[in-house]
2 protein chains.
Amino acid sequence: MDIFAILQEERSQFSTAEQKIADILLGDFDFAVKASIIELAEKAEVSPPTVTRFCRRLGCQNFADFKVRLAKSAFVGLRYLNPEAKSTEPADVAEDVITKAQNALFLIHRSLDPLILEKAADRLSRADMIYAFGSGGNSSMIASEFQNRLFRLGCRVTASSDHNMQLMFTAAAHSNDVLIGSSFSGRNQELVRCFRLANENGISTIALTQSGSPVADAAEIVIGIDLAEGDNIYRPTSTRFAFLAVVDVLASLVAYRNRKLSTVTLRHIKQQLVEHRDGADDRQILGD
Amino acid sequence: MDIFAILQEERSQFSTAEQKIADILLGDFDFAVKASIIELAEKAEVSPPTVTRFCRRLGCQNFADFKVRLAKSAFVGLRYLNPEAKSTEPADVAEDVITKAQNALFLIHRSLDPLILEKAADRLSRADMIYAFGSGGNSSMIASEFQNRLFRLGCRVTASSDHNMQLMFTAAAHSNDVLIGSSFSGRNQELVRCFRLANENGISTIALTQSGSPVADAAEIVIGIDLAEGDNIYRPTSTRFAFLAVVDVLASLVAYRNRKLSTVTLRHIKQQLVEHRDGADDRQILGD
DNA sequence: CGATCCAAGAAAATAATTTCCATGGAGTGT
DNA sequence: ACACTCCATGGAAATTATTTTCTTGGATCG
């Protein structure tokens, strides 16, 4: 499906000539997208037929098909190799911010493990009570979003960004509750403490954080979110979009698992909103 | 830059044959991306040269270049014509959620007006105090994010999701303050009331909402966010991603405008985080 | 009514791509 | 150690696709 993933996966199995092509591809992507097969062959110092075979090897029908796929991937997939935005003009800043966000989504999509999502959704959908923890602006937003998505589905859920409250909630939690925590850095020691305590008490823990980090190590189920951030300090982190996407995916999965309850609850909420607002129409958004 | 936008803008100026090509393009996109110039010409019932001319007209160098651009656009741009996800399997749900989010970003990118962004950023960067208002889960998240992004840049800002507090804040605001409000539906009457009051008192108002809605009508500067939502009630709205992107764009613009203050403030915050956390490294994220 | 201009197609030329075949090198078996 | 085989690679030719040029038909304006 995605040229990039294939390129990196199969990399080791490439022959000398194919390696050269791959190097050009990864090194000068823009060129590769524009170039004809001959130009590409010349630059890689191989013959055109080798390029064609290379395309076939990558699961494409022909060079044209390959270029199309390459272009598709390039649109979102490889911007992270690109430099910063050109200027501080609104149009450029908007492009930069949005491209980075799309990138983050692209990358998280590739790195998400369906089995882990399944496991996490399973725990959440069967939980008596869900505690969503996160601190420090970014992660507290994620925790709130968990609450905001899940309560609509009939889940019992509370979010907290207060370390002390988190610890108390955890201590008071019952065995069939679930603790889901978010940490962008993976080094939220207070969250680690909550996870440890929860695990001691046989409470399931789910972490949205960097793989291999202290927070990840302390959690039972880890949804790894490992995106390289640009180093423009003036820009908000695009990783937020990835975290948010994970929240949405989990919430959707929980909704499908508890479909009946979700439907009833959503309908209830909608009904109240319609009754409350004057002239609200059918396409009323649940939660302004 | 984007084939789609051009296609729709220039649509009226197309000749008969060009219209036919455009119709094929819009009607069967997947085919158009795969097809050769001859296949495309046949399907549109025109001659190959006409297709080449059409490509040139759209600002492409040749047919190959055109296809590349088409493919780039297709990756994100036309998914909104696609039906719902195939199943409730984690992989499919993830793809659906993330694709929709990318779409929302794509669409908001196209519809953002740099001049309006400029104007909004200008007001925000010169404001003595910023009030970020939003209610009902989605918009309150946006308001919080405004606060969360802007305070780091040295802005004086507060967020509120409480209608009463919003009204009191507005009543108490000074003339050089700015009120920025978010409403997904555009029908948040309480926000409308705040905007009206603010305008009466000569306070600048910025709205992130649907164009032409009551909220939009009440605001001085309107950043229109008009995305069609899918009607899968189990899914969180992907429009959130668009709103969030707008927050980030505005915050970035404000950062560049008040670069000195932003730099100093960000450094201060970082310093405190580093001192507080044990073993925190240089790549510490500002706000976990 | 005629002239001119533009659009569209046909044909030819050009460019690109693929297939087929040949060569060379590495590895293996005798 | 030599030879055989297989595979990777590149070259040339054939095929295919694309573009250019030229011509025709139709529409508009004088």
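Note on naming: letters A, B, ... go to the chains in the order of the sequence lines (proteins, then strands), and numbering restarts at 1 for each one. Fair warning: this is a prediction, and the values are worked out from it, not measured in the lab.
Computed from coordinates, the B:I38 CD1 to C:dA10 P distance equals 13 Å when rounded to whole Å. Going from atom CD of B:E42 over to atom P of D:dT16 covers 14 Å, rounded to whole Å. Rounding to whole angstrom units, CD of residue A:E45 and P of D:dG11 are separated by 12 Å. For A:D65 and D:dA17, the CG to P distance is 15 Å, given to the nearest whole Å. Protein atom NZ of A:K67 is 12 Å distant from nucleotide atom P of C:dT18, rounded to whole Å. The distance between atom CZ of A:F63 and atom C1' of D:dT16, rounded to the nearest whole Å, is 16 Å. When the P atom of C:dA8 is taken as reference, atom NZ of B:K20 falls 8 Å away, rounded to whole Å. For the pair B:I37 CD1 and D:dT18 P, the computed distance is 6 Å after rounding to whole Å.
Counting heavy-atom neighbours within 6.0 Å of B:Q61 CD, excluding the residue itself, gives a total of 12 or less. Residue B:K20 qualifies as enclosed at atom NZ: its count of foreign heavy atoms under 6.0 Å is above 12.
Residue contacts for A:V46: at a heavy-atom cut-off of 4.0 Å it reaches the sugar-phosphate backbone alone, with no base atom in range.
The only option from B:I108, B:L250, B:D113 that meets the side chain to side chain contact (heavy atoms under 4.5 Å, CB included) definition with B:I223 turns out to be B:L250.
Atom-to-atom distance recorded for A:K67:NZ and B:K67:NZ is 9.5 Å, nearest 0.5 angstrom. Between A:F54 atom CZ and A:Q19 atom CD the span is 9.0 Å, to the nearest 0.5 Å.
By the 4.0 Å N-to-carboxylate-O rule, B:E39 lies too far from B:K34 to be salt-bridged with it.
Remark: the backbone N or O of B:E220 is paired with a side-chain donor or acceptor of B:T205 at under 3.5 angstrom.
In this structure, of D:dT9, D:dA17, C:dT17, it is D:dT9 that holds the atom nearest to the side chain of A:T50. Side-chain proximity of A:S47 to C:dG9, D:dG11, D:dT19: nearest is D:dG11.
Non-hydrogen atoms lying under 4.0 Å from DNA chain D are contributed by B:T52, B:R56, all within residues 52-60 of chain B.
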